[in-house]
Amino acid sequence: MQIVRVELREVAIPMVSTFQTSFGVIERRPTLLVKLYDSEGRVGYGEAAALPAPLYSYETTGTCREILARFIAPLVLHRPFATVEEFVAAYQGVRGNPFAKTGMETAFWHLLAQEQNCSLAQCLGGTQPRIPVGESLGIKKTLDELCAEVELRLREGYRRIKVKIKPGWDLEVVRELRRVFGDIDLMVDANSAYTLQDIDLFKQLDAFHLTMIEQPLGYDDIVDHATLQKAIATPICLDESIHSAEDARKAIQLGSCRIINIKP
């Protein structure tokens, strides 16, 4: 397969409802689409899904566009590739920027699936025709508003509910959701809004048997998370702290988490 053209397109997807986390409010979801054209006329679509501001990650929609246009696209154009491994190796010299790289890689996966005339799931070795999905819900103005959205998502068939928390919007939120919805698969995501000084709060959350507490402490930390995980029964999930398989190995070895959130 030979890539003959790369196209980058910024779009802004309107949110069904406002999404608020501990670091801000999202009403429209900007993202960067990557289109790869091969010499056989096929078109592959990928997405570099960074946020417009460096809040969740140092990458943004703008930096993804710059890195892809100036540094990555020139390395893949007009070169033959037989496998994803070959394709990714072409730009491995570009350090970091995983969102940008993912936009390019996912577009190539789409081309590969078309070339092999199979679904992406089959290309990846998937065996199941269906998988259960969950919904992540932002911080709401009131508990009643949050409960109404949880009820809607459960009615729509979502199997897991994750709610964003921040200081002042945490313990009472979980208590109310357990009271109203009972033993649903419930988890919380703090987006690094807490410190070890909040350890008593996390000990109280143990009583609600959450599936996990995601990224409660620093976005770049795996040491303090190990201290917290030893002190509580609820599994900690790391997200922002994990950038590679090597990061995951170190976090597991330290006992920093029991779950890892993997995102393309």
Side-chain angles (χ1 to χ4, degrees), residues 1-16 18-38 42-79 81 83-114 120 123-124 136 138 164 189 191-192 214-215 218-221 237-248 260-264:
M1 182 190 306
Q2 185 162 318
I3 307 302
V4 298
R5 181 180 170 195
V6 178
E7 182 179 321
L8 306 176
R9 181 168 302 220
E10 291 186 43
V11 298
I13 306 166
M15 302 289 287
V16 173
T18 299
F19 190 72
Q20 181 176 348
T21 71
S22 61
F23 53 64
V25 178
I26 300 174
E27 294 180 337
R28 293 174 65 82
R29 181 65 171 89
T31 192
L32 183 68
L33 300 181
V34 180
K35 293 175 69 176
L36 295 183
Y37 298 76
D38 73 6
R42 291 177 290 250
V43 181
Y45 286 84
E47 181 180 6
L51 293 172
L55 301 174
Y56 168 81
S57 163
Y58 63 83
E59 286 185 274
T60 67
T61 313
T63 66
C64 285
R65 187 182 187 96
E66 178 76 1
I67 292 295
L68 283 165
R70 288 189 59 192
F71 301 105
I72 295 180
L75 296 173
V76 301
L77 275 170
H78 309 297
R79 291 182 55 187
F81 299 102
T83 67
V84 172
E85 288 78 11
E86 287 181 12
F87 183 76
V88 171
Y91 52 82
Q92 276 304 97
V94 178
R95 291 197 178 187
N97 297 282
F99 275 103
K101 290 177 178 178
T102 294
M104 189 65 73
E105 182 185 336
T106 49
F108 188 84
W109 273 110
H110 189 200
L111 282 177
L112 193 66
Q114 294 174 69
L120 179 59
C123 283
L124 292 168
S136 179
K164 300 290 185 178
D189 184 359
N191 290 113
S192 306
E214 185 171 336
Q215 201 71 36
Y219 74 92
D220 55 354
D221 170 76
C237 168
L238 288 184
D239 176 3
E240 288 94 326
S241 297
I242 307 299
H243 298 279
S244 66
E246 185 64 13
D247 287 345
I260 293 173
N261 185 359
I262 299 175
K263 298 177 178 177

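Small disclaimer: the values here were computed from a predicted structure and weren't measured.
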Please list, one pair per line, the donor and acceptor atoms closer than 3.5 Å that link side chains of residues 42-54 to other protein atoms, with sequence neighbours excluded.
| from | atom 1 | to | atom 2 | distance (Å) |
| --- | --- | --- | --- | --- |
| R42 | NE | D38 | OD2 | 2.8 |
| R42 | NH2 | D38 | OD2 | 3.1 |
| E47 | OE2 | T31 | OG1 | 2.8 |

For the side chain of H78 and the backbone of L75, is there at least one donor-acceptor N/O pair under 3.5 Å apart?
no
Specify the closest pair of heavy atoms between A69 and P74, including all atoms of both residues, with the distance to one decimal.
O-CD, 3.6 Å
Quick one: list whatever passes salt bridge (charged side-chain N to carboxylate O under 4.0 Å, His left out) with E246, sequence neighbours left out.
R249
What residues, two or more places apart in sequence or in another chain, satisfy salt bridge (charged side-chain N to carboxylate O under 4.0 Å, His left out) together with R70?
E66
For residues L68 and L32, determine if any side-chain heavy atom of one lies less than 4.5 Å from a side-chain heavy atom of the other.
yes
Salt bridge (charged side-chain N to carboxylate O under 4.0 Å, His left out) filter on R29, not counting sequence neighbours, yields none
Do F99 and T63 have side chains that approach each other closer than 4.5 Å (heavy atoms only, starting at C-beta)?
no
Evaluate the criterion side chain to side chain contact (heavy atoms under 4.5 Å, CB included) for residue pair N97 and I72; output intermediate values, then yes/no.
CA-CA 10 Å; N97 297 282; I72 295 180; 5.8 Å; no
Inter-residue atom distance L111.CG - I3.CD1, 0.5 Å rounding:
5.0 Å
For the pair L112 and F81, evaluate side chain to side chain contact (heavy atoms under 4.5 Å, CB included) and give the outcome as yes or no after the intermediate values.
CA-CA 10 Å; L112 193 66; F81 299 102; over 6 Å; no
Does a side-chain heavy-atom distance below 4.5 Å link L36 with H110?
no
For T102, is there any backbone N or O sitting under 3.5 Å from a side-chain donor or acceptor partner on T106?
yes
What pairs meet the salt bridge (charged side-chain N to carboxylate O under 4.0 Å, His left out) rule with one or both residues in residues 88-105, with sequence neighbours excluded?
none
Flag, side chain of Y91 to backbone of A73, donor-acceptor distance under 3.5 Å:
no
If I take atom CD from residue Q215 and atom CG from residue D239, how far apart are they, to the nearest 0.5 angstrom?
6.0 Å
For E10, check salt bridge (charged side-chain N to carboxylate O under 4.0 Å, His left out) against everything at least two apart and list the hits.
R65
Working to the nearest 0.5 angstrom, can you tell me the gap between L8 CG and T61 OG1?
12.0 Å
Could you tell me if the side chain of L33 sits less than 4.5 Å from the side chain of K35, heavy atoms only?
no
